[in-house]
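FYI, side chains are in, hydrogens and waters are out, and symmetry mates aren't considered; it's all heavy atoms of this structure.
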Amino acid sequence: MTDTSADLVILGGGSGGYACAFRAAELGLSVTLIEKDKLGGTCLHRGCIPTKALLHAAEIADSARESEQFGVKASLEGIDIDGVNSYKDGIVTKLHKGLQGLAKAHKINYVEGAGTLVDANTVEVDGTRYTGTNVVLATGSYSKTLPGLEFGGRIIASEQALNLDYVPEKVVVLGGGVIGVEFASVWRSFGAEVNIVEALPHLVPNEDEYCSKQLERAFRKRGIKFSTGVKFTGAEQNESGVTVSLENGETIDADLLLVAVGRGPNTAGHGYEEAGVSLERGFVRTDERLRTNLPGVYAVGDIVPGLQLAHRGFQQGVFIAEDIAGLNPPVIDEAGIPRVTYSHPEVASVGLTESAAREQYDKVETFTYDLAGNGKSQILKTAGAAKIVRAADGPVLGLHLIGDRVGELISEAQLIYNWEALPEDVAPLVHAHPTQSEALGEAHLALAGKPLHVHG
């Protein structure tokens, strides 16, 4: 049995793992990066990137279908799903090659294979032991299902949904969170009948209730059906379709059932418990600096309780590398991590929802700026709003956006939140005209006591 040593051994090559590896290498540390599948992990190959490619193809389909409202005569002949998949896969391949090149440029010792944590300093892959002064656990997540509901046949997870070679006529989406509403949006744009089932009272239930209600309104206009506040009780499938049963006695027939009830931490089978890593409900327990209970062992990304977002894992990976290198980076504020749902329309947010803010602060003020007053939004023919939550006479606590393309506004929004800006700080800033960013400017002008393009 051979022994290969490095300053840092990372188990998992997804967003958190490779970001940690690259930053550590930049800081002069030797790095061994272990990945059993492909560099880039779920986000690049089975998540963020391919789903957003499908969503852009869906946007193109809608643009063709609705072109007449812009004075352009065009028609949608249909969806060439092979062409869509080729476009999607081409993007993934190009980005994957780019990552592989970066790994070589950073002189990362990249090891392909399934790794097992042996102890606080050792990971074993196919009989070879890799030891590190520090070890980072970055094994990501998997698509969850419900008890008694097994994947197979016409019951699929997002991984299978990404690679369908046809557009289903009817789909039931179990789960109205980010993954569920994004696939529902794609399939509706491609011409399918879609029905979402969500046990909680609203779609995208982790968002501010205002945005949830606005998304539901937009989905109704698009003909996307949904049942909220009702639980799934079972599904039966045969050669021709699947029948979904709900606790209210309703049944829904469809070609496919997409199970989108969240993602679980991929911690089983990697030797974590055997090595003494403290777990809770399958997640790795860490302190605020992402240190586990084992000295020198860190955890990053979806296996750490909190938002399961690629950019969270990426930033955590950078944080860990800098922490190990002695740079003492500031602790990441989870509420300061931007969140985007890329449906049509998009939902984007950062900071506290109004309800969460009212639980933490005695006095809270809000202002909602309707995109009806925003020139660029009218050009795009998108409805929506920018809602700002602030502490009375204090900083901005949350920013919540809904409308087409508002995900592109979240960068400014997260700066406002993370820098603890007052509305009076943002109000004097000049926002280019005509852009949707003016909606943020107008909302902060209003909260600063000098509203301009505000009706009512």
* Report yes or no: do Ser355 and Glu209 form a side-chain donor-acceptor pair below 3.5 Å? => no
* Answer yes or no: is there an ion pair linking Glu346 with Lys52, defined by an N-O contact shorter than 4.0 Å? => no
* Asked: Any chance CD of Glu424 has more than 12 other-residue heavy atoms, nucleotides or ligands included, within less than 6.0 Å?
  -> yes
* Just jot down the side chain to side chain donor-acceptor pair (under 3.5 Å) partners of Ser15, sequence neighbours excluded, or say none. => none
* Lys/Arg N to Asp/Glu carboxylate O, Glu322 vs Arg23, below 4.0 Å -> yes
* Structure fact -> Closest non-hydrogen atoms of Thr51 and Glu182, given as atom of the first, atom of the second and distance, are OG1-OE1, 4.1 Å
* For Gln214 and Val347, indicate whether the former's side chain and the latter's backbone hold a donor-acceptor pair under 3.5 Å. => no
* Heavy atoms only: give me the nearest Gly407-Val340 pair and the separation to one decimal. => CA-CG1, 4.0 Å
* Would you find more than 12 non-hydrogen atoms of other residues, nucleotides or ligands less than 6.0 Å from Arg222 atom CZ? -> yes
* Side-chain (Arg220) to main-chain (Ile224) donor-acceptor, under 3.5 angstrom -> no
* Asked: Sub-3.5 Å donor-acceptor pair from the side chain of Gln308 to the main-chain atoms of Arg263, do we have one?
  -> yes
* Asked: Passes side-chain contact (heavy atoms from CB on, under 4.5 Å), Val426 versus Leu447? Steps please.
  -> CA-CA 10 Å; Val426 181; Leu447 279 174; over 6 Å; no
* Structure fact -> Output for pair (Tyr18 OH, Leu44 CG), nearest 0.5 Å, gives 7.5 Å
* **Arg285 with Glu280: basic N within carboxylate O range, under 4.0 Å** => yes
* In terms of the angle between their ring planes, are Phe22 and His106 parallel, tilted or perpendicular, with boundaries placed at 30° and 60°? -> parallel
* **Distance (rounded to the nearest 0.5 Å) between Lys231 NZ and Leu146 CG** => 10.5 Å
* So, does Thr233 use its side chain to make a donor-acceptor pair with the main chain of Ser245 at under 3.5 Å? -> yes
* Has Phe190 got more than 12 heavy atoms of other residues, nucleotides or ligands less than 6.0 Å from its CZ? -> yes
* Structure fact -> Residues Arg154 and Glu239: closest non-hydrogen pair is NH2-O, 2.5 Å
* **Glu408 CD: over 12 foreign heavy atoms closer than 6.0 Å** => no
* For Thr228, check side chain to side chain donor-acceptor pair (under 3.5 Å) against everything at least two apart and list the hits. => none
* Donor-acceptor contact present, side-chain Glu216 to main-chain Leu203, <3.5 Å -> yes
* Do Glu59 and His344 get their side chains close enough for a donor-acceptor pair, meaning under 3.5 Å? -> no
* Verdict with reasoning, Glu207 to Leu215, per side-chain contact (heavy atoms from CB on, under 4.5 Å) -> CA-CA 10 Å; Glu207 296 293 341; Leu215 181 67; over 6 Å; no
* **Side-chain donor or acceptor of Glu438 paired with backbone N/O of Thr435 under 3.5 Å** => yes
* If you count the non-hydrogen atoms of other residues, nucleotides and ligands that lie under 6.0 Å from CD in Glu77, is the total more than 12? -> no
* About how many Å separate CD1 of Ile410 and OG of Ser349, when rounded to the nearest 0.5 Å? -> 6.0 Å
* Under 3.5 Å side-chain donor-acceptor pair for Tyr272 and Thr292 -> no
* To do: Look at atom CD of Glu273 and say whether more than 12 heavy atoms of other residues, nucleotides or ligands are closer to it than 6.0 Å.
  => no
* Write down the atom of Ala386, the atom of Ala443, and the distance for their closest heavy-atom approach. => O-CB, 4.4 Å
* Ser67 side chain to Val72 backbone, donor-acceptor under 3.5 Å -> yes
* Excluding sequence neighbours, so at least two apart, what forms salt bridge (Lys or Arg N to Asp or Glu O under 4.0 Å) with Lys170? -> none
* Asked: Got a donor-acceptor contact below 3.5 angstrom from the Asn85 side chain to the Asp82 backbone?
  -> no
* To do: Can you establish whether the number of heavy atoms outside Glu150 located under 6.0 Å from its atom CD is more than 12?
  => no
* Asked: Taking atom types as modelled, is there a side-chain donor on Ser189 or Arg65 under 3.5 Å from an acceptor on the other?
  -> no
* Gly47 versus Leu162, closest heavy-atom pair with distance -> N-CD1, 4.2 Å
* Asked: Does CD in Glu68 sit with more than 12 non-hydrogen atoms of other residues, nucleotides or ligands closer than 6.0 Å?
  -> no
Show me the donor-acceptor pairs within less than 3.5 Å that the side chains of residues 395-402 make with the rest of the protein, sequence neighbours left out.
unit_1 : atom_1 : unit_2 : atom_2 : d
His400 : NE2    : Leu352 : O      : 2.8

* side chain to side chain donor-acceptor pair (under 3.5 Å) partners of Asp253, counting only residues at least two apart -> Thr243
* Side chain Arg312, main chain Gly16, donor-acceptor under 3.5 Å -> no
* Structure fact -> Closest non-hydrogen contact found for Tyr110 with Leu39 is OH-N, 3.4 Å
* Out of curiosity, Phe70 CZ to Ser63 OG, how far, rounded to the nearest 0.5 Å? -> 7.0 Å
* To do: Check step by step if side-chain contact (heavy atoms from CB on, under 4.5 Å) holds for Ser185 and Leu55.
  => CA-CA 8 Å; Ser185 190; Leu55 282 155; 4.3 Å; yes
* side chain to side chain contact (heavy atoms under 4.5 Å, CB included) against Thr366, all qualifying residues, sequence neighbours excluded -> Glu354, Arg358, Val364, Lys387, Val389
* **Distance (rounded to the nearest 0.5 Å) between Thr139 OG1 and Ile34 CD1** => 11.5 Å
* Structure fact -> One should read off an interatomic distance between Phe151 CZ and Ser143 OG, to the nearest 0.5 angstrom, of 5.5 Å
* Asked: Just by distance, do the side chain of Glu365 and the backbone of Arg390 share a donor-acceptor pair under 3.5 Å?
  -> no
